Amino acid sequence: MSASRQRTLGGGGQHVLDYLRRMQAENPSFFYAIQGDSDHTGGSIFWAEATSRMNYTYFGDTVIFDTTYRTNRYRVPFASFTGLNHHGQPVLFGCALILNESESSFVWLLQTWLHAMSDHHPVSITTDPDRLIQMAVAQILPETRLRFNKWSIFKETQEKLAQLYQSHPTFEAEFRKCINETETIHEFESSWVSLLERYFVMDNEWLQSMHNARQQWVPVYMRDTFFGDLSISEGTGGLNSFFEGFVNPSTTVQMLIKQYEKAVATWHEKELKADYDSTNTTPVLKTPSPMEKQAANLFTRRIFMKFQEELVETLANPATKIDDSGTVITYRVAKFGEDHKAHTVSFNSFEMKSCCSCQMFENSGIICRHILAVFRAKNVLTLPSQYLLKRWTRNAKSGAVLEERASELPNNSRESLTVRYNSLRQEAIKYVEEGAKSIHIYNVAMDALQEAVKKVDAAKHQSPAAAEDGALSNGGDQELHAAGDTQAVACQSADEKEKKIRELTVELESTNQRCEVYRANLLAVLRDMEEQKLKLSVKVQNARLSLKE
């Protein structure tokens, strides 16, 4: 898989380039680059839409570089950079046609992709197990944690050990169990040695090489890094499913662009539907816990379901205190009847922070049942802020992240256009969702839109200076105004500061009032819970008395 190889697009290459040039003409934030010559005969081609680039600012913490075309022998050398959005759906960060499969070509591709993503390095990247890609990642993303796709390793192991698989049908299941179900490094190592001894393959070179690389593909070694993994059992066997069902081994270059656009449109619709479902439907709560209600209001629907599953499991996973050093208390958490699978949780009461040996939060960004069991024991009723990753919330794409990341982008027209485009798009989506709720709101929204169209048309006919500055129409007037009215501007600035201070003071008082309301509500919830406990206790006592009689 590491051999350098040269490919060609044939006559379809020009079709792809024409498409990329047309897209960039329509939107300057559409990015594309060609390695080496512009005749696309010797180098690779990379492109990323404006939406892909903006999505990376929200969800670029973990990336999948999918080169499935190599192992599945696609007619087109089509690769993609993808990630996970706030619904756990695949989201696109860019695409490539890799014509020259060499280390220098992969270095160029990663470098070009990173430049298009404003040089913001991801926390982690998952790729096929390939020496050339590994060297390119080490060079361009030295601080990023590299993980090999274990499904590719499973597939290659089946090919390398075909005779063993055929003569011992139970080997595959035991091999996968050793990789997927061991929960500690010691357990994995013991299971691995036992497996190899049982099947007499201690000296197998392939298995030895895979064991040497275990820190880059065996899950138990990767848990301390964020990969956004929602479940071990999820996944289709490939790296990512963004183009699954759209691009396959028989797809030609001529068909590629059409299928690419279909995939982008399909996933965009799925994201909008998931946004709507998360915002406009209420999940069924399974406990009276204020924490569950808090999570239901903040997380997207799919992430809330994952959290709810962990919360419900705390009922079967009691926390037992095993050490208390003052600030930090250590607990042992195990499911009833499964003490051999216990996890250790440390709880810092001062910082309201916990660490669990399962490292689920570090790996997925979703808090585990073990920490939640400790929170339950310590009467922590709501999730501390550090356990509410914004990337998993309904507001993952809200303005705070947009403004923060927009300041990191290069200060040119392409990037500012991307920011404006995505800001308007997000506001428009909210407007459409509200406007569709009733015929009255629909009519009001439609009238407002028509009025907005008139204002936008009027603004388009103004000069650029007028559009930017409002009252002043040219540079000369601006200079005169600045030279002659310095004192007026200074006074105006002081007045504005006073006004801002008054506004912030009012806002602070309002926030304090809201906090008091929240505190009162929380106390009311606690009182209700105590009353319910008391009533339940009385019922239990009465039931016992009845049984005795």
Side-chain angles (χ1 to χ4, degrees), residues 29 48-66 80-95 113 116-118 120-126 147 225-231 234-236 238-246 260-281 283 295-307 361 363-366 388-402 404-406 418-419 421-430 432-433:
S29 291
E49 294 186 356
T51 305
S52 294
R53 301 174 75 188
M54 188 50 67
N55 276 334
Y56 186 80
T57 67
Y58 303 118
F59 309 117
D61 42 15
T62 186
V63 176
I64 296 168
F65 178 39
D66 190 349
S80 63
F81 293 90
T82 60
L84 293 167
N85 69 8
H86 49 323
H87 302 290
Q89 298 169 329
V91 62
L92 189 62
F93 299 145
C95 294
W113 168 76
M117 301 299 124
S118 303
H120 187 78
H121 290 228
V123 172
S124 61
I125 185 168
T126 303
R147 177 176 71 170
T225 303
F226 181 81
F227 285 95
D229 291 336
L230 299 181
S231 172
E234 288 181 13
T236 58
L239 277 175
N240 195 271
S241 56
F242 193 93
F243 290 103
E244 187 179 352
F246 299 96
Y260 160 83
E261 289 189 324
K262 277 185 182 178
V264 170
T266 298
W267 281 111
H268 176 63
E269 287 175 15
K270 287 183 178 180
E271 182 179 326
L272 288 180
K273 184 181 184 305
D275 281 340
Y276 182 86
D277 289 344
S278 291
T279 305
N280 297 288
T281 60
N297 290 331
L298 292 174
F299 290 131
T300 60
R301 174 57 58 83
R302 186 178 179 199
I303 302 307
F304 169 71
M305 298 301 283
K306 293 287 180 187
F307 167 81
F361 181 75
N363 189 249
S364 69
I366 299 172
L388 296 167
L389 287 197
K390 186 164 185 177
R391 64 117 50 239
W392 290 137
T393 66
R394 299 178 188 181
N395 298 322
K397 291 185 173 184
S398 64
V401 175
L402 181 67
E404 176 190 336
R405 291 293 174 80
T418 305
V419 172
Y421 171 86
N422 283 279
S423 296
L424 286 169
R425 177 178 169 274
Q426 290 301 316
E427 288 303 312
I429 288 171
K430 294 177 192 172
V432 169
E433 287 175 352

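All residue numbers in this chain count up from 1 along the given sequence. Small disclaimer: the values here were computed from a predicted structure and weren't measured.
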- Message: Is the shortest side-chain heavy-atom distance between Leu389 and Phe361 below 4.5 Å?
- Response: yes

- Query: Does a donor on one side chain sit under 3.5 Å from an acceptor on the other, for Ser364 and Lys306?
  - Reply: no

- Message: Is it the case that the side chain of Asn395 and the backbone of Ser398 share a donor-acceptor pair, with hydrogens and angles ignored and the cut-off at 3.5 Å?
- Response: no

- Message: Checking Ser124 now: which residues fulfil side-chain hydrogen bond (donor to acceptor under 3.5 Å, both in side chains) with it, not counting sequence neighbours?
- Response: Thr62

- Task: Answer whether the closest heavy-atom distance between the side chains of Tyr56 and Val91 falls below 4.5 Å.
- Result: no

- Item | Shortest non-hydrogen contact between Asn363 and Thr225, atoms and distance | ND2-O, 3.1 Å

- Heavy atoms, side chains only, cut-off 4.5 Å: are His268 and Thr51 in contact? no

- Note on the structure: Contacts of Arg391 meeting salt bridge (Lys or Arg N to Asp or Glu O under 4.0 Å) (sequence neighbours excluded), chain-then-number -> Asp61

- Calculate, to the nearest 0.5 Å, the distance between atoms NE2 and CZ belonging to His120 and Arg53 respectively. 14.5 Å

- Are Trp392 and Ile366 side-chain neighbours, meaning at least one heavy-atom pair lies under 4.5 Å? yes

- Can a cation-pi geometry be assigned to Arg394 and Phe299, taking NZ or CZ under 6.0 Å from the six-membered ring centre and within 45° of the ring axis? no

- Query: Nearest heavy-atom pair of Gly94 and Ala48: which atoms, and what distance?
  - Reply: CA-CB, 4.1 Å

- Note on the structure: Only residue of Phe59, Phe242, Phe65 satisfying side chain to side chain contact (heavy atoms under 4.5 Å, CB included) with Phe93 is Phe59

- Task: Determine, for Asp229 against Arg147, whether the closest basic-nitrogen to carboxylate-oxygen distance falls under 4.0 angstrom.
- Result: yes

- Message: With rounding to the nearest 0.5 angstrom, report the CG to CG distance, Leu84 to Leu230.
- Response: 6.5 Å

- Side chains of Phe246 and Thr266 in contact at under 4.5 Å (non-hydrogen atoms): yes

- Can you tell me if Thr281 and Arg301 form a side-chain donor-acceptor pair at under 3.5 Å? yes

- Query: Where is the tightest heavy-atom contact between Phe243 and Cys95, given as atom of each residue plus distance?
  - Reply: CZ-SG, 3.7 Å

- Query: Which heavy atom in Leu92 sits nearest to a heavy atom in Ser80, and how many Å separate them?
  - Reply: CD1-CB, 4.3 Å

- Query: Going by heavy atoms in the side chains, are Leu298 and Leu388 under 4.5 Å from each other?
  - Reply: yes

- Item | OG1 on Thr126 to CD1 on Ile64, rounded to 0.5 Å | 5.5 Å

- Are a donor atom and an acceptor atom from the side chains of Asn55 and Lys397 found within less than 3.5 Å of each other? yes

- Item | Student check: side-chain heavy atoms of Val264 and Tyr260 closer than 4.5 Å | yes

- Message: Would you say Asp277 and His87 are linked by a side-chain donor-acceptor pair, where the criterion is simply a distance under 3.5 Å?
- Response: no

- Task: Quick one: pull up CE in Met117 and OG in Ser52 and give me the separation to the nearest 0.5 Å.
- Result: 6.5 Å

- Task: Would you check if the side chain of Thr300 reaches a backbone N or O of His86 as a donor-acceptor pair within less than 3.5 Å?
- Result: yes

